[in-house]
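The analysis underlying the following values was restricted to heavy atoms, covering all of them including side chains, and did not include hydrogens, waters or symmetry mates. Throughout, a chain's letter reflects where its sequence line sits, starting with A, and its residues are numbered from 1.
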Amino acid sequence: MENRFTIGLGKNYNPHDIEKKVKVFWDEENIYGLVKEKLKGGKRFYFLDGPPYPSSPTFHPGTGWNKIIKDSVLRYKRLCGYDVVDTPGYDTHGLPIEVKIEKELGVNTKKDISTKLGIDLFIERCKDFVLKNVDALTRGFKDLGVMMDWEKPYLTLHNSYIENSWQLIKKADEKGLLDIDLRVVHWCPRCETVLADYEVSQEYREITDPSIYVKFPVEGEDRTYIVIWTTTPWTIPANTFVMARSDAPYVKIKYQDEYLIMSEVSAKRLFNEDEYSVVERYSGKDLEGLRYTHPLHDLVEIQKKLHEFHKVVLADKYVNLEEGTGFVHSAPGHGAEDFDVAKTINAPVYSLIDDEGKFTRDAGKYFGMYFREANDEIIKDLESRGYLLRKGRITHRYPLCWRCKTPLLLRATRQWIIRASKLRDLAVSEINKVNWIPRWAHDRIASVVENMQDWVISRQRFWGIPLPIWVCGSCGNRVVVGKVSELVNYSPSMYPPKDLHRPWIDQVELKCPKCNGTMKRVPDVADVWLDSGVAFYASLGDNGLDKFNKLENVDFIVEGHDQTRGWFFSLLRSGLILVGRSPYKTVLVHGFVLDEKGREMHKSLGNFVEVAEIIRKHGRDPFRLFMLSSTVWEDLRFSDKKIQEARRILNIVWNVYSFAKSYMEVDNFKFDRSSIDRYSGILRVEDRWILSRFYSVLKNVNDKLEGYRIHEAVDELVDFMVNDISHLYLRIIKRRVWIEENTDDKLAVYTVLFKILRDWIIAFSIVAPHISEYIYQGFVRSIDENSRSSVNLENWPNIEEYRRFHNDELEKAVDVLRDVHEALLSARMKAGIKVRRPVEKCLVLTSNDHISSSINTVGTLIKELVNCSEVVVDSLSNKDKYMYRDVEPDLARIGREFRGLSSRIVDFIRNNQDLVINELTSKGYIEFSIDGHKVKITRDDVKVLEKFKPDYAFVERDWGYAGITLKVSDELLALGIARELVRRIQVMRKELNLDLLDEIKAVIYVDDQDLVNVIMKVRDYIMNETRSIELNVTSSKGDVSNMDLVREWDIDGALFIIGIVKVK
RNA sequence: GGGCCCGUAGCUCAGCCUGGUGGAGCGCCCGGCUGAUAACCGGGAGGUCGGGGGUUCAAAUCCCCCCGGGCCCA
């Protein structure tokens, strides 16, 4: 049945092959559908996908990481029996897409879209573009093995989504939070729309602007001026007043034949000391109300209305003395601070720039000029009138439009806002109820929330959610619509448009309930943060809010840390407006994918790596393992080498299952659930250990996954497979499974091994689903006939089944075993004795009770691993049995101290070693006389060396010594040679490509009758190990011509000729 | 300018919350294994734990300052 899932010896791990087959299997068998069916009615787990922006058909590796993290969590929850909400989403509206379509169509202005092209065509193109990209992205995500409801994603462009989103605005209106207000906003004159502060901050660039000092004539005083400084001459026509700082020192100076008023520091900065003289001093307060005449009042129409406000206004907050003149020229229509101050003095707010960035009629002479291009003209006019004090250029950081790189301008406009600042306190308390992982994510959102501002929701564009606000042309009454069906209430004869986008929705006119007048929709669309912010209920389809209320809250979201200020915040804000609380319970934050050097990956930097390319090169599972091993909330450095490492780990996984499968298959082993009980009485220490160990691993993995510390859980799983199963357990049990009969002992091993391997691969499927499915099909299903049709239909391993095996002491004993094992191998190495050669005894000298009792527990394993006949634990106090001490005189010291007597003293020490050592250890010194001279030797004059008796090889560790005996009995020698011969014959079998079960006849020739006799003693052993039905050992060169393979071997200097032939 | 994260072996990173002789993998050098074999095992070299100060018997770990990198915001 599982031809396509072949596992076994000789089959290598090939990710591409495996992944392809598994994908076909999942599709053909509709595994996703079966999983959904299985989980239907289970506990709900509401996961909400942060919708990526489909502006391109390919995605960043970071987006891949994002989806893979989500996938691992969802897979875990499904295996645990949760009926998960796994709808993927796409954030489909917004200007970047409009800009792309504009480029495709070759239109440059907003007006072109509405007049020449037609909004309907434009919207259709946006939609087509988005849907095409959504398709491609979905294929890409699916290809990574991400299991979500790809057939039914939520798109913010769906009618149901738009309709759901309207409820937020309606709710805001009901709560009295919706308003229309004059706001100074960043405006892109090319896109002709407002930008949110958030959008502005993304794109500051160094640009060069004029830097001018302008003289504003003081009213009623001859040749006297207030001096201001600006880098935006185009705002001067809109100047309304001048701000000063009350506590700052100002001066009136005489410069040439004029009088200039400015801050004291700026005078010093602008002029040399001998160029001017101070005429009068003021503090800012003294200057309050000082009136001036606008320098271009006769050229600018609107200035006629502004004359009464032309005076000095105190505004300490907004005037800094480090730059400029201490006077800030203020145009309330073009500066946020100016706007604030204007309100306090009831000054009017005029913006002289229109949507396209051109001066309006109010600007008089400058009417029709583009704002930045008017700079030169304005400077020229100021200069010709004698009002320009200085001019220069300055390079400074200036905000550009992040989509089209056009320099922005500040402009007062009427915008729809939601007064979110009123919800600030609620927000602060709500974020404390959310589980932020890691904890510092809370601090980050806190700093965002504490500054929560009113939310400008309107955008003057096309491709977005239309604001559901209708205003009456006659009486100004406004209506906010929360559902399409409500439209009919206002206008019974009306058919709602099939598509709720502009321009179709614009044609819907309602009858004013107050005056029967005609109500038209406001032309704006919504800020895209409204789109994604309402996803917590809008993504749930028709009547999303009702469904959300049933689910209670979003259980889990995870996005990159850039989304703190983005989606996490916008979801929260929308939740507060609509349901008065945080809409999510747990937030996991993940890092960014950077390139190898830690720089951001960008196509423009040339360090961008396509996901498709990674998959082609390494495979999906290695990529997933690599990403899921990385600390979730820290940035991840992309690295080919690390992916290869991940692949190597998967290769070990593969080899373990391949090993297990080969043997279980040969023995026709079948697993059934009761067998673990049947064999529990005869389990060996290693079996009990690995079961206990798996309990501990499972416990840690569960804890870590519940806390979303995914990378730690993955580490734990991988470490268990590589270090506990592959490196230790398999090595220990190898001999037990080589036995040919189906002994209970072997069946017990198989049972333990199978159970653990089955449960492990189920757990691992959340990390590497393809190889896990493949192994589940090729290994688990062929040995356990009661298994499910897919690993995805399994249950998460039940830790309770392992609890009774938990034995902490045993686990610690095996830690000791590892330590001692390593020390003993090191001792063998020191003595130059290969592991293949058996030794008589392994010795452990220690006074550490934990070490000695542990060895008593696991001593049999040491015998197996170190290849010795006996393990002896002895107390450290008995070490004299194995070692002796030498005293080595320190010649330099003794020579210096005793001069002529030195050589005789040295001789004495060397000839009386025992005496010297005893005296030195008991008293710390020894006295004797040479030629009647009294000599006192201390510990410092000699070195005491510990040496081992020649029969032993020891190494030192912090707990004592580990060693082996070097004397070898004839029997052991024979066994050693046997293992050398076995190994060579195995190599030859391999060379002939023999099957595990094939039998051979063999002949061994060696020109030494003694060796022949030795070998004859272990002939049976050799035959058994090599599956030989006949073995001829001889010292006479016989006939080897009918052998399949003949080889010469050099073993410890003796020449052996071995021939083998396969039995047909 | 502010908030947060990171800085540990040649490279990539654990360890830090809860102070007690600095670890792993990769790479390198030497050796071994050979019925998992394009796999595996052992040994070795390699660290001023970014720098400086403080607390403490004891600091990679806690506190303060500084330097470098990143993210978010001004």
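Taking a pair to require two hydrogen-bonding distances under 3.5 Å in either a Watson-Crick or a G-U wobble arrangement, B:G1 pairs with B:C73. In this entry B:U56 has no Watson-Crick or G-U wobble partner, no candidate having both defining distances under 3.5 Å. With a cut-off of 3.5 Å on both pairing distances, the Watson-Crick or G-U wobble partner of B:G7 is B:C67. The partner of B:A24 is B:U12, by the rule that a Watson-Crick or G-U pair needs both atom distances under 3.5 Å.
If A:Val982 and A:Val722 are placed on RNA chain B by their nearest nucleotide, the residue sitting closer to the 5' end is A:Val982. Comparing A:Phe592 and A:Glu634, the nucleotide of RNA chain B nearest to each residue sits closer to the 5' end for A:Glu634.
Whole-Å rounding puts the A:Arg647 CZ to B:A39 C1' distance at 13 Å. Per the geometry, CZ belonging to A:Arg648 stands 20 Å off P belonging to B:A36, to the nearest Å.
For A:Lys704, the NZ atom counts as densely surrounded, since its 6.0 Å shell holds more than 12 non-hydrogen atoms of other residues, nucleotides or ligands.
No hydrogens or angles were tested; on distance alone, nothing pairs the side chain of A:Arg439 with the base of B:C17 as donor and acceptor under 3.5 Å. Residue-to-nucleotide contacts include a donor-acceptor pair under 3.5 Å from the side chain of A:Ser726 to the base of B:A36.
Residue A:Lys734 has a polar side-chain atom (N or O) positioned under 4.0 Å from OP1 or OP2 of B:A36. For the pair A:Ser630 and B:C13, the criterion of a side-chain N or O lying under 4.0 Å from OP1 or OP2 is not met.
With 3.5 Å as the limit, one finds no donor-acceptor pair spanning the side chains of A:Ser1028 and A:Glu999.
For A:Tyr750 and A:Tyr663, the ring centers are positioned 6.0 Å apart or more. Between A:His711 and A:Trp633, the distance separating the two ring centers is shorter than 6.0 angstrom.
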